[in-house]
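Report on the structure given below.
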Amino acid sequence: LLSLLGVEQLYDLDRMDLSVKTPLDLPAQMTLTREILKLKDPHWLAKRGLTGPRLLDRGDPGKVIYSLLLYESTGKGNLLRLETDNYDLALNINEGVKLDLGSTAKLRTLIHYLEIIESLHKKYGRLSHRALRELEVPPEDRLTRWAVAYLSETENRDLKSMLAASLERLYSASPKESFFTGGGEHTFENFDSKDDELILSVREGLTNSVNLVFIRLMKDMVRHHIHQDPAAGEMLRSMNHPLRKEYIARFADLEGRAFLEKFYPKYKGKSPEMAFQLLLQSIRPILGRLAMVYRYVHPHKDLASFKTFLRNHFPDSEFAAATVRSIYEKCAPERFTLPDIGFISHVHPLELWLVAAMQKEEKLELSRVIQASDSSRQEVYTWLFRTSHKPAQDMRIRILLEMGAFLDIHRAWQRLGYPFDALVPSYASAIGSSADRPAALAELIGILVNNGYRMPMVRIEEIEAAAQTPYEVSFSRKTRGGERVLSPEIAEVTKALLFDVVKKGTAIRGYRSFVRPDGTEILLGGKTGTGDHRYEIYGKGGALIGSRVMNRSATFVFMIGSRFFGTITAFVPGPDAAEYGFTSSLPIAILKALAPKLMPLVDSPGEGKPPSA
């Protein structure tokens, strides 16, 4: 209501004459809130079997924040039936926090993979076997090569069969490979080391949430997006391709900006002299280095000033006048390029440029820094334009191509409710590095429940203001249809996989949670995710030299039967998270413990499914 009415404080809202109708199920809301609050009681947790391995086996249970979100798919849209937590303050962890929700990202990755397969079916599904065999496909585009091979060998070309076949594609789960992604070499681990030696299908990779399967799947997806432009492969093969220089210039601009944004906070707010002295602190006191830095930062200062500088920094040395003049002239900045000056002084050239710029313009804003450094950023990368550096060029071109591919993937995720403005351009986004929100995951699984339609998420149905006064006015939500964002085939295939995750995968703890008195089951499906968010510092050679725990989260995004869906989340913010070892097993176990209290709601007749679904 605060957001909808543009009111800043609850006090101001209390002064309004309003009656509001929400779709919340009040008896269930009150019952589940009481149950959620009991999760801080160690004795209650032990009684319910929630204190074992991967659950609350250590750490203060009173510091864990829990949240439960439940929607019902109806003809009016997705109605909010429950939203409760054990947190007394205003923070809403479902919508107000950017959380590392771990392997829940595999669900978004899988859906986009199926979208790619669907696009390939549409593109090639009508071609004859002969025409398919004559196609030339870049060897790096493994998804297109698989699709062409599959369609050229089968008579069963319907989309559902092709999607099912794509789930049987095999990937290694071995962690013994490094991946160049996100601008550098990275290695990844599986949650369970018993998976390391396996070759698994995409289906098995999702059911058992195997990281390396999804890292390699994301790699194939990225390369598929890259090779949708034929120029990408040609550019990497040929040194004479006209786009190479353009890409290298773009990389120089992009990486140069990144370095300046890194250096700027170090010098922001400093006077010109303070900035210069701060720069000198990071340089070993070697004559040639200091002399080069002084002459570049202060190109117009005279010989006498240079002599004073040397005397202050080398008080135990005596320099003849001829020596000082010789050094002064040899280090004249016009005799060197900016990269050469950086090389000689052992300082990044753009850090030198920034400090020099601050000598001319005090209180330099970052926007002005970026604008003024345009030509210098290009100059720093002049070595990269030389044809003798093809491997270095190729590496940087691949970085840009990868970033472009992640823009395509991000657009696909956003169409399905991904809440943030960018993805981390790394294969690690497949296993959670780009973060998410529980409410956004609920909306995603709602699309599956509604067979590919993105329906309105309804929290408020009616508002009546100033009733029985001359100013009386009422508002009600219009029932509107949803937007189709996924094909029914993809929705059907994905839902079947999510039911398997509970039946025989990482969420097996939740199997048969919702059982009627007659023994029949309301099926539970979903995807697990554990986020162990750490800030890690690596030294030379990739050795880990420091680690700081930021928070810990565990989420289960679920669907119950054909109508209900939502998320349940456990979250510990800050350094306290280091005391806990719970995984997504915890929210699944809690949901199972709460299932008897939820049964009256989830087994009710309901208001009917949307006509579109």
Side-chain angles (χ1 to χ4, degrees), residues 182-186 247-286 288-301 309 312-313 331-385 392 395-396 399-400 403 421-422 424-426 535-542 545-546 548 550:
E185 292 284 343
H186 297 270
Y247 266 77
I248 295 166
R250 281 173 53 194
F251 180 87
D253 178 74
L254 187 69
E255 189 169 87
R257 285 171 181 254
F259 274 113
L260 286 169
E261 289 167 356
K262 173 185 173 183
F263 297 137
Y264 181 77
K266 178 179 177 181
Y267 298 101
K268 182 181 179 182
K270 304 288 191 300
S271 68
E273 182 57 28
M274 287 174 63
F276 179 55
Q277 293 302 323
L278 185 59
L279 173 65
L280 294 177
Q281 291 174 18
S282 62
I283 304 171
R284 290 185 63 186
I286 296 172
R289 295 182 188 179
L290 293 187
M292 183 63 75
V293 169
Y294 179 88
R295 290 289 281 127
Y296 178 76
V297 174
H298 300 295
H300 302 299
K301 288 201 172 183
F309 170 78
N312 291 337
H313 283 82
C331 293
E334 61 270 15
R335 300 182 62 178
F336 302 90
T337 65
L338 179 55
D340 289 339
I341 295 171
F343 178 79
I344 294 168
S345 61
H346 287 224
V347 179
H348 194 285
L350 290 174
E351 186 172 6
L352 282 171
W353 180 91
L354 176 60
V355 174
M358 293 181 71
Q359 308 303 305
K360 305 169 190 173
E361 189 174 338
E362 200 169 348
K363 297 181 180 179
L364 200 59
E365 295 297 327
L366 181 59
S367 58
R368 173 70 182 138
V369 168
I370 300 299
Q371 180 185 12
S373 64
D374 185 62
S375 60
S376 296
R377 295 199 305 274
Q378 294 297 316
E379 182 185 0
V380 166
Y381 289 89
T382 50
W383 64 272
L384 193 55
F385 287 86
M395 181 181 71
R396 285 155 177 85
I399 290 172
L400 287 181
M403 292 174 69
D421 292 335
V424 176
S426 164
Y535 180 79
E536 296 183 333
I537 303 170
Y538 290 87
K540 189 174 182 180
I545 59 176
R548 184 170 76 249
M550 306 297 288

Heavy-atom pair with the smallest gap, counting every atom of [X] and [Y]:
X: Ala357; Y: Leu364; value: CB-CD2, 4.0 Å
X: His186; Y: Gly184; value: CD2-O, 3.1 Å
X: Met358; Y: Pro272; value: O-CG, 3.5 Å
X: Leu279; Y: Val293; value: CD2-CG1, 3.8 Å
X: Ser345; Y: Leu352; value: OG-CD1, 3.6 Å

What pairs with [X] under side-chain contact (heavy atoms from CB on, under 4.5 Å), at least two apart in sequence or on another chain?
X: Leu254; result: Leu400, Met403
X: Glu273; result: Ser271, Phe276, Gln277
X: Asp253; result: Arg257, Asp374, Arg377, Gln378
X: Gln371; result: Arg368

*Hey, is the main chain of Pro285 close enough, under 3.5 Å, to the side chain of Arg289 for a donor-acceptor pair?*
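Not at all, since once roles are kept as given, no pair shorter than 3.5 Å links the two residues.
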
*Is there a donor-acceptor pair under 3.5 Å between the side chain of Ser373 and the backbone N or O of Ser376?*
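No.
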
Just to verify, what does [X] make a side chain to side chain donor-acceptor pair (under 3.5 Å) with, not counting sequence neighbours?
X: Ser282; value: none
X: Lys262; value: none
X: Tyr247; value: none
X: Glu351; value: Lys266, Tyr267

*Taking ring-ring contact (aromatic ring centres under 6.0 Å, His included) as the test, write out the residues that go with Phe336, two or more places apart.*
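In terms of ring-ring contact (aromatic ring centres under 6.0 Å, His included), with neighbours along the sequence ignored, Phe336 is linked to no residue.
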
*With sequence neighbours left out, write down each residue that passes ring-ring contact (aromatic ring centres under 6.0 Å, His included) with His346, or none if nothing qualifies.*
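Here no residue qualifies.
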
_Glu255 vs Ile399 side-chain heavy atoms within contact, under 4.5 Å_ =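 They are not in contact (no side-chain heavy atoms under 4.5 Å apart), so the answer is no.
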
*Val355 vs Phe263 side-chain heavy atoms within contact, under 4.5 Å*: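 SC-SC contact between Val355 and Phe263 ruled out.
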
